[in-house]
Amino acid sequence: SASLTILSNWQDVDGGSLSTSPIFKPDHREVLDEWLQSTKDFHALATAILRVIHPNLYDAAMAVALAVSTDERLSQHMKRWALPFTAVSLISNRETVKHRDLKAGEAMYDLLFSVGEYQDTQLDISQLNLRVSYKPGTTVALTGRLLLHGVPPCEKSRLCQAYYFREHVFQRCGVMDPGFMRQEWY
């Protein structure tokens, strides 16, 4: 079991400039490019889903991407990223303990794509007393900062590709979190 997080940008410890995950460094370029190419359909689907379920968050995220792309240190990386999300985690064959995504904004959606050879497992959203079927091919959108969520271990191979946002990147770029989705935005 393993987990890998790929951050297009995050804030340095000193609260200063934004920088990228180590996987963006030149010695990892081939691996990153291969992953970006092999998952481009997932990325396109995640982007389209976000645009439909929360168009204002999509617009804000694209404004963040534009702001980051004007930073000459990061512009070359953002040309390759092509996602509104600021981070993606790959979670392979492991339990995802119940947690909240404390670095996300309250109304920022996580998108979870699950694939693999397992038969079924469940996504546990404890606060709502809800266990959702989480079969291969399932996509779930949730506000991960507000909702305690997790997935138990399963017996066969499972990969979750989790797309999400880091609130401080929006703040650093001067882009307001649009808040919760509203029906009148459609």
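On a predicted model such as this, the values are computed, not experimentally measured, just so you know.
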Novice: Using the side chain to side chain contact (heavy atoms under 4.5 Å, CB included) criterion, which residues pair with I53? Sequence neighbours excluded.
Specialist: I49, Y109, L111, A141

Novice: Going from CG on L146 to CG on L148, what distance comes out if it is rounded to the nearest 0.5 angstrom?
Specialist: 11.5 Å

Novice: How would you list, by chain and number, every residue that makes a ring pair (Phe, Tyr, Trp, His ring centres under 6.0 Å) with F42, sequence neighbours excluded?
Specialist: F113

Novice: For residues 53-62, which residue pairs qualify under side chain to side chain donor-acceptor pair (under 3.5 Å), counting only residues two or more places apart or in two chains?
Specialist: none

Novice: Same cluster or not: L128 versus V132, using hydrophobic residues (I, L, V, M, F, W, Y) connected whenever any side-chain heavy atoms lie under 4.5 Å apart?
Specialist: yes

Novice: Could you state the interatomic distance from NZ (K98) to CG (L147), rounded to the nearest 0.5 Å?
Specialist: 13.0 Å

Novice: Give me each pair satisfying salt bridge (Lys or Arg N to Asp or Glu O under 4.0 Å) with a member in residues 39-49, each pair once, sequence neighbours excluded.
Specialist: none

Novice: I'd like to check L45 versus Y163 (side-chain heavy atoms, cut-off strictly below 4.5 Å). Are they in contact?
Specialist: no

Novice: Are R94 and P153 packed together at the side-chain level, in the sense that at least one heavy-atom pair is separated by less than 4.5 angstrom?
Specialist: no

Novice: Looking only at non-hydrogen atoms, find the nearest pair between T47 and P84 and report the distance.
Specialist: OG1-CD, 3.2 Å

Novice: Centroid-to-centroid, F85 to H43, below 6.0 Å?
Specialist: no

Novice: Run the side chain to side chain contact (heavy atoms under 4.5 Å, CB included) test against P55 and tell me which residues pass, sequence neighbours left out.
Specialist: M181, Y186

Novice: Not counting sequence neighbours, which residues clear side chain to side chain contact (heavy atoms under 4.5 Å, CB included) with A60? List them please.
Specialist: F170, V175, P178

Novice: Honestly curious: do F165 and V88 fall in one hydrophobic cluster under the side-chain, below-4.5 Å linking rule?
Specialist: yes

Novice: So does K103 get a backbone contact from the side chain of D101, meaning a donor-acceptor N/O pair under 3.5 Å?
Specialist: no

Novice: Just grab all the side chain to side chain donor-acceptor pair (under 3.5 Å) pairs involving residues 133-143, residues at least two apart or on different chains.
Specialist: D120-S133

Novice: Is the side chain of H149 donor-acceptor paired with the backbone N or O of R100 at a distance under 3.5 Å, no angle test?
Specialist: no

Novice: Does the side chain of V151 reach to within under 4.5 Å of the side chain of V97, using non-hydrogen atoms?
Specialist: no

Novice: Atom CD of residue position Q183 - does it have more than 12 heavy atoms of other residues, nucleotides or ligands inside 6.0 Å?
Specialist: no

Novice: How long is the straight-line distance from OG of S92 back to CG of L159, given to the nearest 0.5 Å?
Specialist: 5.5 Å

Novice: Flag yes if L112 and L90 sit in one hydrophobic cluster, no otherwise; membership is Ile, Leu, Val, Met, Phe, Trp, Tyr, and two members link when side-chain heavy atoms are under 4.5 Å apart.
Specialist: no

Novice: Name the residue from T86, T70, V64 that meets the side chain to side chain contact (heavy atoms under 4.5 Å, CB included) definition with C173.
Specialist: V64

Novice: Tell me, please, which residues at least two apart from T96 pass side chain to side chain donor-acceptor pair (under 3.5 Å).
Specialist: none

Novice: Could you check if a side-chain atom of Y164 sits within less than 4.5 angstrom of a side-chain atom of S89, using non-hydrogen atoms only?
Specialist: yes

Novice: Return the set of residues passing salt bridge (charged side-chain N to carboxylate O under 4.0 Å, His left out) with R131 (not counting sequence neighbours), or none when no residue passes.
Specialist: D124

Novice: For a 4.5 angstrom cut-off between non-hydrogen side-chain atoms, does D177 reach M108?
Specialist: yes

Novice: Do any pairs count as a salt bridge (Lys or Arg N to Asp or Glu O under 4.0 Å) and have a residue in residues 105-114, sequence neighbours left out, and if so which ones?
Specialist: none

Novice: Report the distance from atom CG of L57 to atom CG of L50, rounding to the nearest 0.5 Å.
Specialist: 5.0 Å

Novice: Side chains of P136 and V115: closer than 4.5 Å at any heavy-atom pair?
Specialist: no

Novice: Under the salt bridge (Lys or Arg N to Asp or Glu O under 4.0 Å) rule, what pairs show up with a residue in residues 141-165, not counting sequence neighbours?
Specialist: R145-E167

Novice: Any side-chain heavy atom of N93 within less than 4.5 Å of one from Y118?
Specialist: no

